[in-house]
Amino acid sequence: QVTLKESGPGMLQPSKTLSLTCSFSGFSLSTSGMVVSWIRQPSGKSLEWLAAIDWDGDKYYNPSLKSRLTVSKDTSNTQVFLKITSVDIADTATYYCARRRLGVMDAWGQGASVTVSS
Amino acid sequence: DIQMTQSPASLSASLGETVSIECLASEDIYNNLAWYQQKPGKSPQLLIYYASSLQDGVPSRFSGSGSGTQYSLKINSLESEDAATYFCLQDSEYPRTFGGGTKLELK
């Protein structure tokens, strides 16, 4: 069974760095073709794709946020991380990680709510 | 970036009716189009991938079609559990982009 779970600080202050972790099971990121993406969704709004990392360690970023994003994975290929620097209120959202396998984003985590507030 | 224009933004229909939701891509996405259903407080659930392939476990009243830049999701014989927001996703190029969503209300 494939599961993904996001974890984060819940709340942080403007200008700080947001660190998120996606812990997953039921698959390995070392498997050829596997990708884990980060997506966010402000309350009541649509989804915004942020970044991805693939089985080969290649990284992909949304150009609109690229200067603030860093995606990485652990050596055991069971966790993926996302850092967003210099957060502001506009970064308040639910953050999801999702698996992409054989070209299909088929499994999502439950989401981690992040509020940026002073 | 590929822009995904989804319509309508909201939809109200009765049980048993058939509805369609459209997504228009700003360029050819070669059928790399997925549809998701999202209920309040929940993560998106995959319905359709590669424009017309039904994800395992998804009821057959859901179907997808389209090619090039135009895609649609059709829901036949609406049931109460279909009340949700639906999103399209282009999975052709980075950055991936989503449609704005369609909120389906059951009368």
Side-chain angles (χ1 to χ4, degrees), chain A residues 1-8 20 22 24 26 33-54 56 58-69 71 82 93-113, chain B residues 1-10 21 23-26 29-58 62 64 71 84-105:
Chain A
Q1 183 187 3
V2 172
T3 63
L4 302 96
K5 186 173 184 179
E6 307 85 351
S7 57
L20 296 164
C22 174
F24 51 86
M34 208 70 75
V35 182
V36 172
S37 289
W38 285 97
I39 302 107
R40 70 180 179 182
Q41 184 175 37
S43 181
K45 297 189 177 181
S46 187
L47 299 149
E48 179 181 31
W49 180 87
L50 300 175
I53 187 165
D54 71 15
D56 208 23
D58 289 332
K59 303 171 185 180
Y60 307 87
Y61 295 102
N62 190 320
S64 66
L65 291 157
K66 183 175 181 178
S67 64
R68 299 173 51 212
L69 300 178
V71 64
L82 181 70
T94 298
Y95 287 76
Y96 297 101
C97 59
R99 177 188 83 159
R100 185 172 185 264
R101 172 180 171 268
L102 299 177
V104 181
M105 204 177 296
D106 65 344
W108 295 55
Q110 63 190 23
S113 179
Chain B
D1 299 3
I2 296 175
Q3 306 303 314
M4 300 300 295
T5 303
Q6 186 172 342
S7 62
S10 63
I21 299 167
C23 263
L24 177 66
S26 58
I29 57 172
Y30 306 100
N31 288 2
N32 291 301
L33 190 285
W35 290 98
Y36 296 87
Q37 177 192 68
Q38 186 179 33
K39 296 186 176 180
K42 301 293 186 182
S43 57
Q45 299 295 309
L46 178 65
L47 299 172
I48 301 286
Y49 60 96
Y50 291 143
S52 61
S53 296
L54 190 68
Q55 173 70 349
D56 289 347
V58 174
F62 291 90
Y71 298 87
T85 300
Y86 294 84
F87 295 96
C88 62
L89 162 69
Q90 70 81 12
D91 215 355
S92 179
E93 287 186 8
Y94 287 111
R96 304 312 196 219
T97 45
F98 292 87
T102 297
K103 187 173 183 179
L104 173 60
E105 172 194 83

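Note: hydrogens, waters and symmetry copies are ignored here, and every other heavy atom, side chains too, is used. Just so we're on the same page: letters track the sequence lines, and every chain starts at 1.
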Item checked: Residue list, ring pair (Phe, Tyr, Trp, His ring centres under 6.0 Å) with B:F62, at least two apart or on another chain ->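 Checked B:F62 against ring pair (Phe, Tyr, Trp, His ring centres under 6.0 Å); zero matches.
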
Notebook entry, point to check: With only heavy atoms counted, which part of B:D1 is less than 4.5 Å from chain A, the side chain, the backbone, both or neither?
Noted result: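 The side chain, not the backbone.
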
Note to self: At a 4.5 Å cut-off on heavy atoms, which part of B:K42 comes close to chain A: side chain, backbone, both, or neither?
What the structure shows: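 It is the backbone, since no side chain atom gets that close.
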
Let me confirm one number: the [atom1]-[atom2] distance from [X] to [Y], rounded to the nearest 0.5 Å.
| X | Y | atom1 | atom2 | result |
| --- | --- | --- | --- | --- |
| A:M105 | B:Y36 | CE | OH | 5.5 Å |
| B:Y49 | A:R101 | OH | CZ | 9.5 Å |
| A:L47 | B:L89 | CG | CG | 8.5 Å |

Notebook entry, point to check: Any sub-3.5 Å donor-acceptor pair from B:S43's side-chain atoms to A:G109's backbone N or O?
Noted result: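 Indeed, once roles are kept as given, a pair shorter than 3.5 Å links the two residues.
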
Notebook entry, point to check: Should the pair B:Y94 and A:Y60 be assigned to parallel (<30°), tilted (30 to 60°) or perpendicular (>60°) ring geometry?
Noted result: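 Parallel, since the angle between the ring planes stays under 30°.
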
Which portion of [X] sits near chain B, non-hydrogen atoms under 4.5 angstrom:
| X | answer |
| --- | --- |
| A:L102 | backbone |
| A:E48 | backbone |
| A:A98 | neither |
| A:L50 | neither |

Check: Between A:S113, A:S64, A:P63, which shows the greatest number of heavy-atom pairs under 4.5 Å with chain B?
Finding: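 The answer is A:P63.
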
Checklist line | Interface residue of largest heavy-atom contact number with chain B, from A:Q110, A:Q41, A:K45, under 4.5 Å | finding: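 Most pairs with chain B among the choices: A:Q41.
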
Contact summary for [X] and [Y], nearest pair of heavy atoms:
| X | Y | answer |
| --- | --- | --- |
| B:G99 | A:S46 | O-OG, 2.7 Å |
| A:D106 | B:Q55 | CB-NE2, 4.3 Å |
| A:V104 | B:D91 | CA-OD2, 4.2 Å |
| B:F98 | A:I39 | CE1-CG2, 3.9 Å |
| A:G103 | B:Y50 | CA-OH, 3.6 Å |

Item checked: Residue, of B:Q6, B:Q45, B:Q38, that accumulates the most heavy atom pairs under 4.5 Å with chain A ->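 Between B:Q6, B:Q45, B:Q38, the count favours B:Q38.
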
